Amino acid sequence: MKADHLLRILFVEDLPSDAELAERELRKEGLLFTAMRVETENGFLKALKDFHPDLIISDYAMPEFDGMQALKLSLEYDANLPFILLTGSMNEETAVACMKAGAIDYIIKEHIKRLPTAVASALEQRRVRLAKKETERALQENEKQYRELFESIIDVFYRTDNEGAILIVSPSIEKLLGYTPDEVIGRKTSELYIYPEARHHFVSTVREKGVVKGVEAVLRAKDGAEVWVSTHAHFYQDKQGKVLGVQGVTRDITNRKQAEEKLRQTMERLREAVSTTIQVIVSTVEARDPYTANHQLRSADLARAIATEMALSLDRIEGIRIAGSIHDLGKLSIPAEILSKPTRLTENEFALIKEHSRKGCDILKNVESPWPLAEIVYQHHKRMDGSGYPRNLKGDEILMEALILAVCD
């Protein structure tokens, strides 16, 4: 073992023989260490700086420098540095004073054999103190990080008791609702809900499942504003498993809800615009060929009925109805005499008729719509086996809406 790694013991002693005696007793017990002896204040201060002792063993009374002075300087240098007083004689009152001043132990020189035990005990106490200090430091650091995290989170963390009274809430509540934590702690969460049924749904879900995820509700802010929130929460328990209340995280989703409402309004206006456009188209077809117009409307009604029976979404049902009402739009490009020809069509004339799907798609492809109207119209003469026109699509390559319309057509 290198000397730098050995235990470093600083002896404060004016008699070299007494220091050597103490060293022999320690080495007899197998203690490995390197030692240094000083007998003046200046020497002691220099040793603290340069020798960096792990333990100090000091005589109590010396001509120029005494143990109590050394103890005071040692504590100022490092309060955790073990300090043992070694003296020729000491009364009980003086011993108590030394211990109160910060000495780990004191040894009467005639009982020098007790020194190894005292040193071992002092080093163990130092190890425990340093470990405790490190644990406290780590705990303080963790608490600091937790507090910084707790105070900086955007979402609101909260904890309630079983009656719904708020016990803990993060500072972000002020940004969410305008209340400081002190203003809401003690209040029941039900006081913050605008719609009681939302609170009832939240509570019943937690009680039934023990957890809720993404439950949405509207809260009333301090200034009266409505704030949409989404909450994840669950029961928390003590060590015995007893439910103490609910804790969770609430997120502000007001901007998302406002964006969704704007999107809904935009979609509604788009639907109205598409409906108006479709009505104009139907009127145009009806003016040119009443039979085609009536056929489209009948096909649309039947397609809507089939889609409803199939339990498709309301949005898809509406798209099928609209596509059905204009599925033969492309026939506007076909000469009227071919459309109304009372006899059998020639091969070339039927080829023109088959182009109406493509023509209808071309007319609709630039129309803004929530539904794939152009593609439905384009595919409404497809067949599952690929025998339809104008492209040989089959099976799952064909839109469900187009298949329904093909059956109705």
Side-chain angles (χ1 to χ4, degrees), residues 1-138 140-141:
M1 181 181 292
K2 294 182 179 179
D4 287 347
H5 295 160
L6 293 177
L7 177 70
R8 294 184 292 272
I9 301 178
L10 176 62
F11 288 94
V12 184
E13 175 63 71
D14 61 325
L15 298 177
S17 59
D18 283 358
E20 291 172 2
L21 176 62
E23 286 189 41
R24 283 199 300 273
E25 288 297 326
L26 294 175
R27 295 189 193 281
K28 279 168 53 178
E29 296 297 322
L31 188 65
L32 300 177
F33 63 92
T34 181
M36 181 178 184
R37 185 184 68 83
V38 298
E39 57 183 283
T40 65
E41 180 176 345
N42 288 337
F44 182 71
L45 292 174
K46 187 174 187 305
L48 289 178
K49 180 179 178 181
D50 298 337
F51 185 58
H52 303 295
D54 300 305
L55 174 73
I56 297 174
I57 300 176
S58 173
D59 195 357
Y60 179 74
M62 294 179 291
E64 300 182 23
F65 188 48
D66 64 44
M68 294 299 282
Q69 289 176 301
L71 176 59
K72 181 180 178 181
L73 294 173
S74 174
L75 292 173
E76 291 175 355
Y77 171 75
D78 182 357
N80 292 306
L81 182 57
F83 195 102
I84 297 176
L85 284 165
L86 184 64
T87 182
S89 64
M90 181 176 292
N91 59 44
E92 184 177 342
E93 184 178 340
T94 303
V96 171
C98 291
M99 299 296 285
K100 285 185 176 180
I104 291 294
D105 205 345
Y106 67 93
I107 303 294
I108 305 299
K109 289 185 178 180
E110 64 182 39
H111 299 148
I112 192 70
K113 292 186 180 299
R114 200 172 71 82
L115 183 60
T117 301
V119 167
S121 176
L123 293 175
E124 177 61 17
Q125 289 183 50
R126 179 175 185 265
R127 185 194 67 78
V128 171
R129 284 199 303 271
L130 291 177
K132 181 181 178 182
K133 185 177 180 181
E134 176 59 24
T135 300
E136 291 174 347
R137 186 203 64 77
Q140 290 173 355
E141 182 64 26

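Note that the structure is predicted; figures quoted are calculated from it, not measured. In this chain, numbering begins with 1 at the start of the sequence shown.
For the salt bridge (Lys or Arg N to Asp or Glu O under 4.0 Å) test, residues two or more places apart in sequence or in another chain that qualify with K28 are E25. With sequence neighbours excluded, no residue forms a side-chain hydrogen bond (donor to acceptor under 3.5 Å, both in side chains) with D66. For the side-chain hydrogen bond (donor to acceptor under 3.5 Å, both in side chains) test, no residue two or more places apart in sequence or in another chain qualifies with Q69. By the side-chain hydrogen bond (donor to acceptor under 3.5 Å, both in side chains) test, R24 pairs with no residue at all, sequence neighbours left out. The side-chain contact (heavy atoms from CB on, under 4.5 Å) test applied to D78 returns N80, L81, not counting sequence neighbours. T40 meets the side-chain hydrogen bond (donor to acceptor under 3.5 Å, both in side chains) test with no other residue; sequence neighbours excluded. For E39, the side-chain contact (heavy atoms from CB on, under 4.5 Å) partners at least two apart in sequence or on another chain are D14, R37. Evaluation of the side-chain contact (heavy atoms from CB on, under 4.5 Å) rule for E76 yields K72, L73 as partners, not counting sequence neighbours. Shown here are the salt bridge (Lys or Arg N to Asp or Glu O under 4.0 Å) partners of E136, two or more places apart in sequence or in another chain: there are none. Remark: A101 pairs with M68, L71 by the side-chain contact (heavy atoms from CB on, under 4.5 Å) rule, at least two apart or across chains. Listed by chain and number, the residues in a salt bridge (Lys or Arg N to Asp or Glu O under 4.0 Å) with E124 are R127 (sequence neighbours excluded).
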Could you pull out all donor-acceptor pairs under 3.5 Å where a side-chain atom in residues 51-65 meets a protein atom, sequence neighbours excluded?
residue : atom : partner : partner atom : Å
H52     : ND1  : Y77     : OH           : 3.4
H52     : NE2  : K49     : O            : 3.0
D54     : OD2  : R8      : N            : 2.9

L86/D18 under side chain to side chain contact (heavy atoms under 4.5 Å, CB included): CA gap, chis, key distance, verdict:
CA-CA 10 Å; L86 184 64; D18 283 358; 5.9 Å; no
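Here M99 contributes atom CE and I104 contributes atom CD1; the two are 7.0 Å apart, rounded to the nearest 0.5 Å.
By the 4.5 Å heavy-atom criterion applied to side chains, L123 and L7 are counted as neighbours. Within the 4.5 Å cutoff, no side-chain heavy atoms of Y106 are placed close to those of T87. Looking at R114 and D105, their side chains come closer than 4.5 Å, going by heavy atoms from C-beta outward.
Judged by distance alone, the side chain of S121 and the main-chain N or O of T117 form no donor-acceptor pair under 3.5 Å.
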